[in-house]
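Report on one structure; see the data block that follows.
Below, read A as the first sequence line, B as the second, and so on, with proteins coming before strands; counting in each chain starts at 1. Computed over heavy atoms, backbone and side chain alike; hydrogens, waters and symmetry mates excluded.
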There are 2 protein chains.
Amino acid sequence: MRIAELSRQSGVPVPTIKYYLRENLLPPGELSSPNQARYGEHHLRRLRLIRALVDLAQIPIAQVKEIVAGLDSPTLPLHDQIGRAHRAITPTRNLTTTPEAHTAASRQVDDLIRSRGWTIEPDAPALTTLVDTIAAMHTLDHDYLTTFLDTYADAVEKFTTLEITAVTSRQTPDQIAESVVIGTILGETLISSLRLLAQESISAHLWTGHPAGPAGD
Amino acid sequence: MRIAELSRQSGVPVPTIKYYLRENLLPPGELSSPNQARYGEHHLRRLRLIRALVDLAQIPIAQVKEIVAGLDSPTLPLHDQIGRAHRAITPTRNLTTTPEAHTAASRQVDDLIRSRGWTIEPDAPALTTLVDTIAAMHTLDHDYLTTFLDTYADAVEKFTTLEITAVTSRQTPDQIAESVVIGTILGETLISSLRLLAQESISAHLWTGHPAGPAGD
DNA sequence: GTTTATGGATACTGCTACTATCCATCACGA
DNA sequence: TCGTGATGGATAGTAGCAGTATCCATAAAC
């Protein structure tokens, strides 16, 4: 397959494909002559993955690059694959909260982790985000929202176990690596849109007095 | 309070505050003379909210503008407030998936909504995202991930009910409006980081053979 | 009464994610 | 074999976003 065909099948414009090739998001095609290259199914799959990450999950190109670099060397154990994906989707933020709110939030998070028996490395990317978010809720005077922390954790634990076992039951290392990325990243947009739909439905029932509640009747 | 003080207390540079004023993210200060304005607690709160949305939740300035515009007219019923927040955080995407994957995904989503008894307007912003995400999982050959849809929905329903009742139990309409925004948007970053931590912990236990599981023992 | 800060306007900057152009080859049908 | 169009690779240009920087007439503070 030549570049025009790759473009047609993926829906990605040729100049954009060239850009992805330049940025090493896409491995180069196999050269048959100094200026002729062939692309295969692998390129098409990769291109679709890139577009899903960019368009749907809104991951910056630089992070997508990290992610696919990880896919091309799938010799890492699962735990490290996951860590890599997490690092790629967790932006480095410059915190704005006051030190007091931050330490209070830290303590709250530590308690949570301890009470649930979680094993978290202190430099886990999501840890900073969680602490910052809770600290922000404090400084915004809406810290009552953090009373649900344990309920959230309960819910989240439930499906995460499922996800991980499903991912590990994939056949080849490449499939596992891809599953980690797709499951972690697209899984997030999926869950978040489900949450919005649930909010929509529940608030519709409460407000418009619709007969049946979303939890069934 | 003058602008320098506002800047000091919020940690936001003066030129940035001026930018937010220009863009109407921040209401103008009260003019005491043609070129002197005073800012109050309200401005400080608003500024902190803006930074939380921008820095933590990565919401584009244009959407933050929509969100705070909604806060300044909190006469809408809760359901509409929620709808507004949802619209603000759901980017308009140009879908890339094939029509077949899209219709298959649509059917799957319709089934889910029906089986759960949810009431969803057909133009709900999250609906498109959910369909697109599932369609992407199909085209990426990882549609087995959608077998958890119901488990996700279960989990999500559980805490969403809590959230909504908590938000409605706030005192004033302004507080409710703010709660909707913070709960919906910062709630999302909170849940997503909790999910990442749970993944991290569970994979650590599975892989490194750590004695106690995260679900307790 | 001089130094500093302010509000408002306008212009500029750095970054990201592409697009556009160019050109020397290469493929392929007439 | 010739000519037209596509290709790979390089380089340059663009649009949008989120601020920054500068300027200036006026006001505040000491």
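- Atom-to-atom, CD1 of A/Ile17 to P of D/dA6 comes out at 15 Å; the value is rounded to the nearest Å.
- Under the side chain to side chain donor-acceptor pair (under 3.5 Å) criterion, A/Arg46 pairs with A/Asp72, not counting sequence neighbours.
- Across the protein-nucleic acid pair, B/Tyr39 atom OH and C/dG8 atom C1' stand 10 Å apart, rounded to whole Å.
- Cation-pi geometry between A/Arg170 and B/Tyr144 is satisfied (NZ or CZ under 6.0 Å from the ring centre, within 45° of the ring normal).
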Could you run down nucleotides 19-30 of chain D 5' to 3' and tag each one B, S or - for protein heavy-atom contact under 4.0 Å?
BB-----BSSS-

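- Take A/Ser192 and apply the side chain to side chain donor-acceptor pair (under 3.5 Å) test, not counting sequence neighbours, and it matches B/Glu188.
- Applying the side chain to side chain donor-acceptor pair (under 3.5 Å) test to residues at least two apart or on different chains, the pairs with a partner in residues 9-24 of chain B are B/Glu5-B/Gln9, B/Tyr20-B/Arg51.
- We find that CZ of A/Arg93 is positioned 17 Å from C1' of D/dA18, with the value rounded to whole Å.
- A/Glu30 has its CD atom 16 Å from the C1' atom of D/dT7, to the nearest Å.
- Counting to the nearest Å, the C1' atom of D/dG5 and the CD1 atom of A/Ile3 are 15 Å from each other.
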Below 3.5 Å, can you tabulate the donor-acceptor pairs from side chains in residues 129-136 of chain A to any protein atom, sequence neighbours excluded?
unit_1	atom_1	unit_2	atom_2	d
A/Thr129	OG1	A/Arg93	NH2	3.1
A/Thr133	OG1	A/Thr129	O	2.7
A/Thr133	OG1	B/Thr189	OG1	3.1

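- In this structure, CG of B/Leu6 is placed 13 Å from C1' of C/dT6, rounded to the nearest angstrom.
- With rounding to whole Å, A/Leu31 atom CG is found 13 Å from C/dC26 atom C1'.
- To the nearest angstrom, P of C/dA17 lies 9 Å from CD of A/Glu23.
- Here A/Asp150 pairs with A/Arg116 under the salt bridge (Lys or Arg N to Asp or Glu O under 4.0 Å) rule; sequence neighbours left out.
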